[in-house]
Participant: 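One structure, pasted below without further comment.
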Amino acid sequence: MKITLKDGVVKEYAAPLSVLDVAKDISEGLARATLGAEVDGKMADFRTLLDRDCHLHIVTADSPAALGVLRHSCSHVLAQAVKRIYPEAKLAIGPSIENGFYYDIDHAPFSREDLDALEEEMKKIIKENLKIEKFELERAEAIRFVEEKGEIYKAELIRDLPEDAVISFYRQGEFVDLCAGPHLPSTKGIKAFKLISSSMAYWRGDSDRAQLQRIYGTAFFKKEDLEAYLEHLEDIKKRDHNKLGREMELFATVDVIGQGLPLLLPKGTKMVMKLQRWIEDIEDREWGYVRTKTPLMAKSDLYKISGHWDHYKDGMFVLGDEEKDKEVFALRPMTCPFQYYVYKNTQKSYRDLPFRMGETSTLFRNEESGEMHGLTRVRQFTISEGHLVIRPDQAEEELQGCLNLAIHVLDTLGLKDDVSFRLSKWDPENREKYLGDEAYWESAQGALRKILQDKALPFKEADGEAAFYGPKIDIQAKNVYGKEDTMITIQLDCAIADMFDMYYIDKDGEKKRPYIIHRTSLGCYERTLAWLIEKYAGKFPTWLCAEQVRVLPISDKYAEYAKEVRDILLANGVDAGMDERSEKIGFKIREARLDRVPYMLVVGEKEEAERTVSVRSRFAGDEGSKSIEAFVEQICREIRTKEIRKEEVQA
RNA sequence: GCUUAUGUGGCGCAGUUGGUAGCGCAACUCAUUCGUAAUGAGUAGGUCGCCGGUUCGAGUCCGGCCAUGAGCUCCA
């Protein structure tokens, strides 16, 4: 992105534009304070540049970077308020984050009342219109400076910087904080803020170190923006699968059954079964998979061969006691080794490869107690798992196929635009956690990178996210709260065939080691259901709905006709229900809408006489009167094509 | 696992300083037979998450456990 600053300096900046980059140029004298700038040849609303002291000057509030600076300054005001009310509190760090800011503080837990009191103090500080000023100290001097104040966490941060570093601080009134900036020129610039919540966080994210209190807050340039954001927080709660999914009777949890073990209720089960049948059908009929059904548990010996016993024992449910019992079993945390033995059951020739196995596979993972969440993090779940045993020369084509299948699935569900791609690599700093050497990892990671690049998919690379046996392409989705989960994974594994002595007979008559691709096409059914609930706020595409049509007789007199219509729909493979209670039609419609049923068929005297149905849909409202045959044809087509009809009617 | 909050009929909630549980919706019954988002009346339903303690007496106070939410850590 090219920016022409007012004094005529033209500079190319990387997109997205970073205020910090511009700030650096300002401090080096390349630019100076300005309230207007030309972006890509035309004047833009870029009015958030910084002056020589790294102060942000703001006229409009549309830049995310500007918001970041505002929120960072707001976090300093919070820290100042904390020190005024609780002088003994020690400060850790206080950055701006995606939707606000936080500050980690070493102090006893804060209640909502404490937060309210802090908000009041913050308002005072803002009103005092304290100038925010930058100053710098040599490293040793800086350490002495913060230690005099008892700020041990700040001292640790400075000690981690190089010997010759110049340490910058910002001062506002009596309050000084270690900080690289930039900041607003004064506290008065903070017009609209709110402390959202507080909770515990570990110092430097290490669960063995100090437990700090993290106060979350947010700030905006305009009061309306803050109010809109707070309203948005309320709105997303209504989409939250963990609330909506229970309300809609898709799933439930029961204390006595246990944590992370949700029950899929009839409606949720129906949806999951529709997904499952679809995935199995396309994998087997269109993508060349064979289906397996393998045991949910095995002797520990199996996991010793696969490496899971060494690498993952804590995450498995082990049945039996290694000391006492002759045989110890474990519930499976993955399907890999089971399918390897399916492959090994008969000798394979190079002609048999690729050998693609799919299994709708239930897995068990003993997550720690605080990690369970709704349907997205559970102890037992079912995935569309699969393993492709391939010749090395088939790797590229098969990896592409896996990615294409995943994208086809996402596209069909209407979720394609909501995902991000991640190349999950090993952590070169912790090599002992992984199988194989550097050359293996570099080449496997390179192969996956090429697949993503060839498809021109934007992706980020992440160290330390790989499986212990190989790198992954992970397809990530965010939930309504912005938290990311892996939905689909494709992993290349060139190491494990050796451990299980898997081979094929090549053209030259020699035994060769195959590669293995571990992959999912839709991933975890429970997680996907959760994602769909949040994406559609419960208003699913018709083909996925547990109840696709509800027939509503005007009165008992037309119940027989309603039943006939319902039975015709059922016979045509449509999940149809009927509301034959002695209620008014308005009441039945209200309930059907609250249940988010896509199609309501009102039938009364006129419809019975003409053998029609009066169609009211969730999408378009009143769709008029249609013959039974015409409606059956319409809805069967919609279901068959998995059409996602647009919602045109406000709920 | 860690910090913190919460747990009252199916759901959403009320329950004052400890004195034998209430409301709305839903359910059920009866009446109503109705034309596109709530017909009316009545009935029933709870050892207040579980276990223990303090007390003459515990939904209320204390302890332990279980579950749920938020966040941290973790997610092979």
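By convention in this document, chain letters (A, B, ...) are assigned in the order of the sequence lines, proteins followed by strands, and residues within each chain are numbered from 1. As the structure is a prediction and not an experimental result, all values here were calculated from the model.
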Participant: Contact class for A:Lys588 vs. all strands (heavy atom < 4.0 Å): base, sugar-phosphate, or nothing?
Facilitator: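 The residue A:Lys588 makes no contact with any strand.
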
Participant: Classify A:Glu605 by what it touches in the nucleic acid, base, sugar-phosphate, or nothing, heavy-atom distance under 4.0 Å.
Facilitator: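 The answer is base, as A:Glu605 lies within the cut-off (heavy atoms under 4.0 Å) of a base atom.
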
Participant: Just to verify, which of A:Glu385, A:Gln339, A:His387 counts as forming a side chain to side chain donor-acceptor pair (under 3.5 Å) with A:His518?
Facilitator: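 Filter result, single survivor: A:His387.
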
Participant: Categorize A:Ser197 for me: base, sugar-phosphate, or nothing, with a 4.0 angstrom heavy-atom threshold over every strand shown.
Facilitator: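 It contacts nothing in the nucleic acid.
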
Participant: Below 4.0 angstrom from OP1 or OP2 of B:C66, is there any side-chain N or O of A:Gln259?
Facilitator: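 For B:C66, OP1/OP2 do not have a side-chain N/O of A:Gln259 under 4.0 Å.
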
Participant: Could you work out which one of B:C34, B:G69, B:U3 sits closest to the side chain of A:Ser555?
Facilitator: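 Shortest atom-to-atom distance from the side chain points to B:C34.
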
Participant: Tell me whether the side-chain N or O atoms of A:Arg204 pair up with the base of B:C72 as donor and acceptor below 3.5 Å, since no angle test is needed here.
Facilitator: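 When only heavy-atom distances are counted, A:Arg204 does not reach the base of B:C72 through any donor-acceptor pair under 3.5 Å.
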
Participant: By the 4.0 Å heavy-atom rule, please label A:Glu583 as base, sugar-phosphate, or nothing.
Facilitator: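 The residue A:Glu583 makes base contact.
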
Participant: Within the 4.0 Å heavy-atom criterion, would you say A:Gly374 contacts the bases, only the backbone, or no part of the nucleic acid?
Facilitator: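 Sugar-phosphate, no base atom in range.
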
Participant: Using side chain to side chain donor-acceptor pair (under 3.5 Å) as the criterion, list what pairs up with A:Asp310, not counting sequence neighbours.
Facilitator: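 Testing A:Asp310 for side chain to side chain donor-acceptor pair (under 3.5 Å), a comparison that skips the adjacent residues, returns none.
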
Participant: Checking contacts here: which listed nucleotide (B:C2, B:U33, B:A37) is nearest the side-chain heavy atoms of A:Ile589?
Facilitator: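 Comparing B:C2, B:U33, B:A37 against the side chain of A:Ile589, the answer is B:A37.
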
Participant: Base, sugar-phosphate or nothing for A:Lys557? Non-hydrogen atoms, less than 4.0 Å.
Facilitator: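 Contact class for A:Lys557: sugar-phosphate only.
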
Participant: Mind checking if A:Ile554 touches a base, just sugar-phosphate, or nothing, with heavy atoms under 4.0 Å?
Facilitator: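 Answer is base: heavy atoms of A:Ile554 come under 4.0 Å of a base.
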
Participant: Remember a base hit wins even if backbone is also touched, and classify A:Arg379 as base, sugar-phosphate or nothing at under 4.0 Å, heavy atoms.
Facilitator: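 No contact.
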
Participant: Have a look at A:Ser614 and say if it touches a base, only the backbone sugar-phosphate, or nothing, with a 4.0 Å heavy-atom cut-off.
Facilitator: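 Counting heavy atoms under 4.0 Å across all strands, the contact made by A:Ser614 includes a base.
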
Participant: Classify the side chain of A:Glu607 and the base of B:G35 as holding, or not holding, a donor-acceptor pair under 3.5 Å.
Facilitator: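 Under the 3.5 Å cut-off, the side chain and the base do form a donor-acceptor pair.
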
Participant: Return no unless some side-chain N or O of A:His373 is found under 4.0 Å from OP1 or OP2 of B:A70.
Facilitator: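 So the side-chain polar atoms of A:His373 do come within 4.0 Å of the phosphate oxygens OP1 or OP2 of B:A70, strictly under.
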
Participant: With no hydrogens and no angle check, just 3.5 Å: does a side-chain donor-acceptor pair link A:Arg246 and A:Thr253?
Facilitator: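 Result is yes, a qualifying pair exists.
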
Participant: So A:Glu249, base contact, sugar-phosphate only, or nothing? Heavy-atom distance under 4.0 Å.
Facilitator: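 If one applies the 4.0 Å heavy-atom cut-off, A:Glu249 turns out to touch nothing in the nucleic acid.
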
Participant: Using a heavy-atom cut-off of under 4.0 Å over every strand shown, decide if A:Ala466 touches base, sugar-phosphate, or nothing.
Facilitator: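 Here A:Ala466 touches the backbone only, sparing every base.
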
Participant: With respect to the phosphate group of B:G69, does any side-chain polar atom (N or O) of A:Arg377 fall under 4.0 Å of OP1 or OP2?
Facilitator: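 No, A:Arg377 has no side-chain N/O under 4.0 Å of OP1/OP2 on B:G69.
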
Participant: Using a cut-off of strictly less than 4.0 Å, decide whether A:Ser199 has a side-chain nitrogen or oxygen near OP1 or OP2 of B:U3.
Facilitator: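 No.
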
Participant: Can you tell me if A:Thr335 uses its side chain to pair, donor with acceptor, with the backbone of A:Ser361 under 3.5 Å?
Facilitator: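 No, A:Thr335 side chain to A:Ser361 backbone: no donor-acceptor pair under 3.5 Å.
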
Participant: If you look at every strand shown and take non-hydrogen atoms under 4.0 Å, does A:Lys472 touch a base, only sugar-phosphate, or nothing?
Facilitator: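 Here A:Lys472 touches the backbone only, sparing every base.
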
Participant: In whole Å, measure the gap between the C1' atoms of B:U20 and B:A37 for me.
Facilitator: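 Looking at atom C1' only, B:U20 and B:A37 are 43 Å apart.
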
Participant: With a non-hydrogen cut-off below 4.0 angstrom, is A:Tyr558 in contact with a base, only sugar-phosphate, or nothing?
Facilitator: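 Nothing: the residue A:Tyr558, judged by heavy atoms under 4.0 Å, touches no strand.
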
Participant: Determine whether any donor atom in the side chain of A:Tyr202 lies under 3.5 Å from an acceptor atom in the base of B:G1, or the reverse, and answer yes or no.
Facilitator: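 Check passes, donor-acceptor contact within cut-off.
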
Participant: Kindly say if A:Tyr216 contacts the phosphate of B:C72, meaning a side-chain N or O under 4.0 Å from OP1 or OP2.
Facilitator: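 Checking A:Tyr216 against B:C72: at least one side-chain N or O falls below 4.0 Å of OP1 or OP2.
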
Participant: In terms of ring plane angle, is the pair A:Trp441 and A:Tyr434 parallel, tilted or perpendicular, where the classes change at 30° and 60°?
Facilitator: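 Ring orientation of A:Trp441 relative to A:Tyr434: perpendicular.
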
Participant: How close or far is atom P of B:C72 from atom CD1 of A:Ile215, stated in whole angstroms?
Facilitator: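 Atom CD1 in A:Ile215 sits about 15 Å away from atom P in B:C72.
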
Participant: Measuring centre to centre across the rings, with the benzene-like ring taken for any Trp, is A:Tyr312 within less than 6.0 Å of A:Phe468?
Facilitator: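 Ring centroids of A:Tyr312 and A:Phe468 are no less than 6.0 Å from each other.
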
Participant: If you look at every strand shown and take non-hydrogen atoms under 4.0 Å, does A:Gly604 touch a base, only sugar-phosphate, or nothing?
Facilitator: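 Base, at least one base heavy atom under 4.0 Å.
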
Participant: In whole Å, I'd like the distance from the CD atom of A:Glu465 to the C1' atom of B:C75.
Facilitator: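 A:Glu465 atom CD is separated from B:C75 atom C1' by 9 Å.
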
